[in-house]
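Just below is one structure, and these are the notes that go with it.
The analysis underlying the following values was restricted to heavy atoms, covering all of them including side chains, and did not include hydrogens, waters or symmetry mates. Everything quoted here is computed from the prediction, not taken from an experiment.
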Amino acid sequence: MSAESATAIADDPVTTRGASLPTAPCSVVWSGGHAYVLEGGHGRSRWVGVDDRGRPTLMSHADLQRRGWSRTRL
């Protein structure tokens, strides 16, 4: 497998469902065409983004794992 195809597989939202989400504050991931930023420190951190209408959306780690996510915009 080439480095390019390994990178493509790592960025595919279907393959990242089982992967661990980043845990550093201010990390950014993409899901469903929207960016989500990790806010909060230890304890109760949440992923914050906006929906299609620009309303704030809060998601847990489990929510993003279920929906699928990527480190890059697709």
Side-chain angles (χ1 to χ4, degrees):
M1 180 183 316
S2 72
E4 288 177 337
S5 63
T7 301
I9 290 171
D11 291 337
D12 180 10
V14 174
T15 59
T16 55
R17 281 191 182 146
S20 296
L21 283 160
T23 57
C26 300
S27 295
V28 177
V29 297
W30 292 82
S31 179
H34 299 283
Y36 291 88
V37 178
L38 183 59
E39 289 188 352
H42 301 286
R44 219 166 174 182
S45 55
R46 293 282 185 192
W47 292 93
V48 180
V50 294
D51 66 10
D52 292 333
R53 296 183 180 185
R55 297 176 295 202
T57 304
L58 300 174
M59 295 185 129
S60 68
H61 288 286
D63 293 336
L64 272 177
Q65 289 286 41
R66 277 191 298 276
R67 288 185 62 175
W69 58 276
S70 173
R71 292 184 186 268
T72 60
R73 186 174 183 178
L74 299 175

Should Asp51 and His34 count as side-chain neighbours, where that means a heavy-atom distance under 4.5 Å?
no
Between Ala24 and Ser27 the two heavy atoms that sit nearest each other are O-OG, 2.6 Å
To check you understand the geometry: which heavy-atom pair defines the closest contact between Cys26 and Val37, and what is its length?
CA-CG1, 3.8 Å
Rounded distance (nearest 0.5 Å) linking atom OG1 of Thr57 with atom CZ of Arg46:
12.5 Å
Could you grab the distance from atom OG of Ser31 to atom CZ of Arg66, nearest 0.5 Å is fine?
11.5 Å
Between the OH atom in Tyr36 and the CG atom in Leu58, the distance rounded to the nearest 0.5 Å is 10.0 Å
Can you check whether Ser45 reaches Glu39 side chain to side chain, under 4.5 Å on heavy atoms?
no
Partners meeting ring pair (Phe, Tyr, Trp, His ring centres under 6.0 Å) with His61 (sequence neighbours left out):
Trp47
Please report the closest heavy-atom contact between Trp30 and Arg71, naming both atoms and the distance.
CD1-O, 3.9 Å
Is there a path from Leu21 to Met59 through hydrophobic residues (I, L, V, M, F, W, Y) whose side chains come within less than 4.5 Å of each other?
yes
